[in-house]
Amino acid sequence: MNVFARQLTMAKQSLKPVVIHSRKAEKETYDIMKRALIADQPIHLHCFHDSERAAIRYLQEFPKLYIGITGSVIDSIPLQNIVKVIPIDRLLLETDAPFMTPYPARGVNHPGNIPIIAEIIAQIKNVSHYD
């Protein structure tokens with residue numbers, strides 16, 4: 001985790017955005033981000049699968065943070081609940097190709113699957129997928 005903290009510190013010093021993919025280290029990741037980054041740091045939490053509570057905490061602490069949601073949202077009730085608490089202007093749609101393919105396209109994942117993810121998120125948020 002020392003290397004991660006140093007990388008975040010360098011990003012802060014150079015005013016560069018960061019992309020973070022945290023898996024099975026959510027608490028540690030958050031703690032290091034709080035210590036190493038400024039609140040205004042541009043951040044992309046890639047392939048987010050933590051919790052509703054964590055999403056809210058990240059969004060409140062870091063106003064320039066965006067949360068990436070993959071095709072897993074199609075068949076994951078917990079991820080659908082997370083999407084409900086994320087403002088639409090703070091969501092990023094991701095394929096995470098070649099993994100996490102949305103259901104109708106299982107086995108083949110590519111950026112062309114983004115409309116499938118957009119449609120399910122629009123349904124969850126009760127908006128048009130054009131929004």
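Basis for what follows: all heavy atoms, side chains included, without hydrogens, waters or symmetry-related copies.
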For the residue pair [X] and [Y], what are the closest heavy atoms and their distance?
X	Y	answer
G71	I117	N-CD1, 3.5 Å
A5	A36	O-CB, 4.0 Å
A11	V18	CB-CG1, 3.3 Å
T95	P111	CG2-CA, 3.7 Å
I67	F48	CG2-CB, 3.3 Å
E26	Y58	O-OH, 3.8 Å

Item to check | D31 with K27: basic N within carboxylate O range, under 4.0 Å | outcome: yes
Within one Ile-Leu-Val-Met-Phe-Trp-Tyr cluster: [X] and [Y], side-chain cutoff 4.5 Å:
X	Y	value
I114	L45	yes
L91	I74	yes
I20	M10	no
F62	I56	yes

Under a 4.5 Å cut-off applied to non-hydrogen side-chain atoms, are [X] and [Y] in contact?
X	Y	result
Q7	N2	no
I120	I124	yes
H44	E94	yes
P17	K64	no

Item to check | For H49, the option from T70, V73, I82 that meets side-chain contact (heavy atoms from CB on, under 4.5 Å) | outcome: T70
Checklist entry - Which of these, L65, L8, V19, sits in a side-chain contact (heavy atoms from CB on, under 4.5 Å) with I43? => result L65
Could you grab the distance from atom [atom1] of [X] to atom [atom2] of [Y], nearest 0.5 Å is fine?
X	Y	atom1	atom2	value
E61	Y30	CD	OH	3.5 Å
N81	I86	CG	CD1	11.0 Å
E52	L79	CD	CG	10.0 Å
H46	R23	NE2	CZ	8.0 Å
I69	S76	CD1	OG	9.0 Å
Q80	Q123	CD	CD	9.0 Å

Next on the checklist: Test your reading of the model: is there a side-chain donor-acceptor pair from K125 to the backbone of V83, 3.5 Å cut-off?
Outcome noted: yes
Item to check | Listed partners of D40 passing side chain to side chain donor-acceptor pair (under 3.5 Å), at least two apart | outcome: none
